[in-house]
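Just the heavy atoms: all of them, side chains too, but no hydrogens, waters or symmetry mates, feed the values below. Below, read A as the first sequence line, B as the second, and so on, with proteins coming before strands; counting in each chain starts at 1. Everything numeric in this text was worked out from a predicted model, so none of it was measured.
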There are 2 protein chains.
Amino acid sequence: MARERKFSTDELYHATERILLKHGYEGFSFSLLAEQLDISRGAIYKYFDNREELITNYMLYEMKLFLEELKIIEEYHSFDEKFTFLLELIFKNSTVPQMIEIGRRVPINENNKVKENIGQLENLHLDMYKHLQGFIDLGRQEQKLKASIPDSLILGIIFQSIMIPNHFGISPSEWVQSIKEILCHGMLKND
Amino acid sequence: MARERKFSTDELYHATERILLKHGYEGFSFSLLAEQLDISRGAIYKYFDNREELITNYMLYEMKLFLEELKIIEEYHSFDEKFTFLLELIFKNSTVPQMIEIGRRVPINENNKVKENIGQLENLHLDMYKHLQGFIDLGRQEQKLKASIPDSLILGIIFQSIMIPNHFGISPSEWVQSIKEILCHGMLKND
DNA sequence: AATTAAAGTAACACAAGTGTCACTTTAGAA
DNA sequence: TTCTAAAGTGACACTTGTGTTACTTTAATT
């Protein structure tokens, strides 16, 4: 019945991601996005009422993909295996923490779809936390984690670690290996 | 000879910081700044030609203050003392890494004052690195730091650590203490 | 008291973004 | 082939921000 689409939703989300990373939340505009996709600005309004709606939709999309992968953590049964899996997952999805950061900038919006999206995002966030909390609980159970360190810091420092800028272009495998070493046993020699 | 100023340069820089933290680089405007300072937008143009010039000037101001404090690191002579000092300094100046991040967003500008500011900023950045490199060199000399971990990661993870969001409001002293523990000896028990 | 010059204002022309709407295009159903 | 409805366009009115300029205000100097 309908005409062929000039851009897929996936293409749109990818362009959205590129723009958000380059220009930040406040620098994002439908004009930029339309330009990137080589379509008219008006076409985007066929699918999204405004910036907030588009961006929260994009974040839902990203978050769902990430959660899908994160769930695999349950297939590993030791703390060590889960830890290795988690670090690699986060490095593979290195934009996720940045997007979570950008997500904090989305202003409260009257639009019901936006409210609904934000609600759903919060649920996914909770879902994510459940999986991560399970990981930490196991670490505590196995007596692997230092009791004095709060859960939120353990998760926070793991997530934050992937945002450390690798200015000198250390190879990814060495980089991740070193981060893991610091997170597990610190940067100081033991003796 | 002149009329009294309605706002000091310090007030202007503080307002600039508030706006940058709240709205990001792209969300910063002279209109917002003028509103915050309760002056007309035009008044700002008496001192700065445009956004880039103002923001690079503000960053120079912040960077100089930070470097002034950082220099005190030379007064400590052991690696441990320097480390403690550095962590506390960074936590006291928690906006500095965010500002460095925002600084990366400033586009190349034809304005000569902006070019000059960016040049000066790069020099201060180098200056900062010299002090930090000295700190790391000492750690290597004292055989405190693990040889396998690259310098840039050691500095990167220290700087990044202060941006970990403390969602659950852990008390600052416990928070910093725990971060120091992880950075030094990791989150896993040794045995 | 008159003069000076820095400090500040308000209005202008311009640029870029927003959301809307009447319009055209086009693939498939009738 | 004709019709339909989704897809896309381009123009319109509006808002917000920019950089400039002629203007007013004011505190110190002469």
Side-chain angles (χ1 to χ4, degrees), chain A residues 1-16 18-58 102 105-115 117, chain B residues 1-16 18-58 102 105-115 117:
Chain A
M1 256 188 219
R3 174 177 172 178
E4 208 180 330
R5 278 187 61 169
K6 282 181 74 179
F7 61 101
S8 71
T9 308
D10 272 26
E11 279 165 354
L12 183 139
Y13 285 152
H14 277 123
T16 298
R18 271 201 305 281
I19 294 171
L20 283 176
L21 289 176
K22 185 164 178 193
H23 301 275
Y25 176 74
E26 286 81 3
F28 180 93
S29 74
F30 273 28
S31 318
L32 267 173
L33 183 57
E35 197 184 315
Q36 283 265 329
L37 293 170
D38 199 31
I39 49 163
S40 73
R41 201 168 44 85
I44 306 173
Y45 285 93
K46 284 274 145 76
Y47 307 96
F48 303 96
D49 284 354
N50 54 45
R51 181 162 86 155
E52 280 70 41
E53 196 184 310
L54 186 150
I55 289 180
T56 51
N57 258 84
Y58 156 70
I102 287 173
R105 308 200 79 87
V106 180
I108 310 110
N109 191 302
E110 293 311 307
N111 181 323
N112 279 321
K113 289 185 208 154
V114 175
K115 282 187 187 169
N117 281 348
Chain B
M1 256 188 221
R3 174 176 172 179
E4 208 180 329
R5 278 186 61 167
K6 282 180 75 179
F7 61 100
S8 70
T9 308
D10 272 26
E11 278 164 355
L12 183 138
Y13 285 152
H14 278 124
T16 298
R18 270 201 306 281
I19 295 171
L20 283 176
L21 290 175
K22 185 164 178 193
H23 301 275
Y25 176 74
E26 287 80 5
F28 180 94
S29 73
F30 273 28
S31 318
L32 267 172
L33 183 57
E35 197 184 315
Q36 283 266 330
L37 293 170
D38 199 32
I39 50 163
S40 74
R41 200 168 46 83
I44 305 173
Y45 284 93
K46 283 274 147 78
Y47 306 97
F48 303 96
D49 284 354
N50 54 45
R51 183 163 84 156
E52 280 70 41
E53 196 184 311
L54 186 149
I55 289 180
T56 51
N57 258 85
Y58 156 69
I102 287 173
R105 307 200 81 87
V106 179
I108 309 109
N109 192 301
E110 293 311 308
N111 182 322
N112 280 320
K113 289 185 208 155
V114 175
K115 282 187 186 170
N117 280 349

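For the pair B/Glu52 and B/Glu4, both in contact range of DNA chain D, the more 5′-proximal nearest nucleotide belongs to B/Glu52.
Whole-Å rounding puts the B/Leu33 CG to D/dG17 P distance at 12 Å. Summarising the geometry, the separation between CD on A/Glu35 and P on C/dA16 is reported as 11 Å, rounded to the nearest angstrom. Between the P atom of D/dT16 and the CZ atom of A/Arg51 lies a distance of 14 Å, rounded to the nearest Å. Following rounding to the nearest Å, A/Arg5 (CZ) and D/dT9 (P) show an atom-to-atom distance of 12 Å. Atom CD in B/Glu26 sits about 17 Å away from atom C1' in D/dT16, given to the nearest Å. Counting to the nearest Å, the P atom of C/dT18 and the CD1 atom of A/Ile55 are 10 Å from each other. Rounded to a whole Å, the CG atom of A/Leu32 is 14 Å from the C1' atom of C/dA15. C/dT20 atom P lies 16 Å from atom CZ of A/Phe48, rounded to whole Å.
No side-chain heavy atom of A/Arg41 sits less than 4.5 Å from a side-chain heavy atom of A/Glu35. Proximity of A/Leu33 to A/Ile39: side-chain heavy atoms (C-beta onward) are nowhere separated by under 4.5 Å. A/Leu20 has its side chain within reach of A/Tyr58: a pair of non-hydrogen atoms, C-beta onward, lies under 4.5 Å apart.
Contacts of A/Tyr47 with the nucleic acid, taken as non-hydrogen atoms under 4.0 Å apart, involve only primed sugar atoms and P, OP1 or OP2. Within 4.0 Å (heavy atoms only), B/Phe7 reaches sugar-phosphate atoms of the nucleic acid but no base atom.
Direction change of the helix axis from one end of the helix from C/dA1-D/dT30 to C/dA30-D/dT1 to the other is 10°, with five pairs defining each end axis (rounded to 10°).
Side chain of B/Lys113 to backbone of B/Phe48: no donor-acceptor contact under 3.5 angstrom is found.
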Which is it for A/Lys6 and A/Leu37 under the side-chain contact (heavy atoms from CB on, under 4.5 Å) test, yes or no, and what are the steps along the way? CA-CA 8 Å; A/Lys6 282 181 74 179; A/Leu37 293 170; over 6 Å; no
Candidate pair A/Tyr25 and A/Arg51, rule side-chain contact (heavy atoms from CB on, under 4.5 Å), full reasoning: CA-CA 10 Å; A/Tyr25 176 74; A/Arg51 181 162 86 155; 3.8 Å; yes
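Under 3.5 Å, the side chains of B/Tyr47 and B/Glu53 contain no donor-acceptor pair of N or O atoms.
Phosphate proximity of D/dT16 to B/Ser29: absent, as no side-chain N or O sits under 4.0 Å from OP1 or OP2.
In summary, of the residues considered (B/Asn117, B/Val114, B/Leu12), a side-chain contact (heavy atoms from CB on, under 4.5 Å) with B/Leu54 occurs for B/Leu12 alone.
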Could you write out each protein N or O paired with an N or O of nucleotides 9-13 of chain C at a distance under 3.5 Å?
{"residue": "C/dT9", "atom": "OP1", "partner": "B/Lys6", "partner atom": "NZ", "Å": "3.0"}
{"residue": "C/dT9", "atom": "OP2", "partner": "B/Ser40", "partner atom": "N", "Å": "2.5"}
{"residue": "C/dT9", "atom": "OP2", "partner": "B/Ser40", "partner atom": "OG", "Å": "2.8"}

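Judged by the 6.0 Å and 45° rule, B/Arg5 forms a cation-pi pair with B/Phe7.
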